[in-house]
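We count residues from 1, following the sequence as given.
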Amino acid sequence: MIQYVDPVAQCLVPARAYTLRVDLSRAQRVGLVVNKIVDCDVFMSHLGEAMATHFPALELQTYLTGKITFADHDLIEQIAQECDAAVCAIGHCGSCTAGTVKDAIALIENGIPAVSLITDVFWEQGAALARSLGWPDAPRLKLPYPVWGSGEASVREVAGSIVPSVEATLSGVSNA
């Protein structure tokens, strides 16, 4: 007889409701948190350009994590002190998805509205991690897979296309 076991354990961390909001139409400082996945810096540069065009009052600051996995505690603290909101990217594979979600949640826990950018292939992994950390509704936006290696024009197009969703998510109009 074959017995099947559900590999998804009950989450023991109490779920917390995400309620943070920021108005991007006003002067705000938004951190662009860039991991070391291929083309993440290019993608976030294009996203920053598109956001600056849509929201001229924004001050954008790029933060390089220096690794594919999550940012160091000191960098999270710096971003939390210097920014009103953050966009964390890109969840494009297993470890970078975990790092991106963890970075956004670390900022959320510091009171900073934050959104993770995760590719559709790793969407469920991002959701599972958010649930396991107690933030099941931590904002995430779904990007097409692949982002990296798809060419400069494609990277620019995807980055520009998500600006309204970034704004809606950070302002609380939409939560992904």
Side-chain angles (χ1 to χ4, degrees), residues 18-65 68 70-71 76 79 83-108 112-130 135-176:
Y18 179 84
T19 60
L20 300 173
R21 309 285 182 258
V22 67
D23 180 0
L24 297 184
S25 67
R26 296 183 28 236
Q28 305 283 349
R29 177 179 265 191
V30 175
L32 302 176
V33 183
V34 180
N35 64 23
K36 281 193 72 138
I37 194 71
V38 177
D39 284 346
C40 186
D41 55 342
V42 174
F43 178 86
M44 292 299 271
S45 174
H46 291 310
L47 178 61
E49 291 169 8
M51 287 178 70
T53 299
H54 282 82
F55 306 104
L58 285 185
E59 181 181 342
L60 298 164
Q61 176 67 43
T62 300
Y63 297 89
L64 305 175
T65 67
I68 290 175
F70 57 90
I76 293 295
I79 296 166
C83 294
D84 302 301
V87 179
C88 301
I90 298 173
H92 202 274
C93 62
S95 56
C96 58
T97 296
T100 298
V101 171
K102 189 173 181 306
D103 290 346
I105 289 174
L107 290 164
I108 289 166
I112 303 300
V115 59
S116 301
L117 306 182
I118 309 295
T119 59
D120 53 7
V121 173
F122 292 93
W123 188 253
E124 289 306 317
Q125 178 188 346
L129 180 60
W135 293 96
D137 58 348
R140 294 173 297 130
L141 290 177
K142 192 182 291 188
L143 303 179
Y145 182 88
V147 173
W148 64 270
S150 61
E152 180 91 17
S154 175
V155 169
R156 180 185 300 273
E157 180 182 331
V158 171
S161 73
I162 67 165
V163 171
S165 296
V166 168
E167 193 272 333
T169 301
L170 291 175
S171 71
V173 172
S174 167
N175 205 18

Checking the side chain of S45 only, and the main-chain atoms of D41 only, is there a donor and an acceptor separated by less than 3.5 Å? no
Nearest atoms (heavy-atom pairs only) where C96 meets N35: CB-ND2, 3.7 Å
Looking only at heavy atoms, the pair that brings A114 and Y18 closest together is N-OH, 3.4 Å
Only one of T119, D39, V38 forms a side-chain contact (heavy atoms from CB on, under 4.5 Å) with I90, so which one is it? T119
Flag side-chain contact, heavy atom, 4.5 Å: V33 against T65: yes
In sequence, state the C-alpha distance, the side-chain angles, and the governing distance for L58 and L24, and then conclude on side chain to side chain contact (heavy atoms under 4.5 Å, CB included). CA-CA 7 Å; L58 285 185; L24 297 184; 3.9 Å; yes
Take V101 and W135 through the side chain to side chain contact (heavy atoms under 4.5 Å, CB included) test and state the conclusion after the steps. CA-CA 10 Å; V101 171; W135 293 96; over 6 Å; no
Is the side chain of T169 donor-acceptor paired with the backbone N or O of V166 at a distance under 3.5 Å, no angle test? no
For the atom pair CZ (F43) and CD1 (I162), what is the distance rounded to the nearest 0.5 Å? 4.0 Å
Euclidean distance, C88 SG relative to I105 CD1, rounded to 0.5 Å: 10.0 Å
Would you please name every residue forming a salt bridge (Lys or Arg N to Asp or Glu O under 4.0 Å) with E157, sequence neighbours left out? none
With rounding to the nearest 0.5 angstrom, report the CD1 to CD distance, I118 to Q125. 8.0 Å
How close do P113 and V22 get, counting heavy atoms only, and between which atoms? CG-CB, 4.1 Å
Would you say the side chain of S171 lies within less than 4.5 Å of the side chain of D23, judging by non-hydrogen atoms? no
Find out whether I108 and P139 are in side-chain contact, i.e. whether some heavy atom of one side chain is under 4.5 Å from a heavy atom of the other. yes
Applying side chain to side chain contact (heavy atoms under 4.5 Å, CB included), can you list everything that pairs with S165, at least two apart in sequence or on another chain? L141
Could you report the tightest heavy-atom contact between I112 and A86, atom names first, then the distance? CG2-N, 4.1 Å
Rounded to the nearest 0.5 Å, the CG atom of D120 sits from the OH atom of Y145 at a distance of 9.5 Å
Minimum heavy-atom separation for A159 to H46, with atom names? CB-CB, 3.7 Å
Output the distance between atom CE (M44) and atom CG (L32), rounded to the nearest 0.5 Å. 4.5 Å
Is any side-chain heavy atom of F70 closer than 4.5 Å to a side-chain heavy atom of I76? no
Of all heavy-atom pairs linking A98 and L129, the shortest is O-CD2, 3.3 Å
Side chain to side chain contact (heavy atoms under 4.5 Å, CB included) partners of S161, counting only residues at least two apart: none
Distance col, row L64:CG vs C40:SG, nearest 0.5 angstrom, shows 9.0 Å
Are H92 and F122, when compared by the centres of their aromatic rings, separated by less than 6.0 Å? no
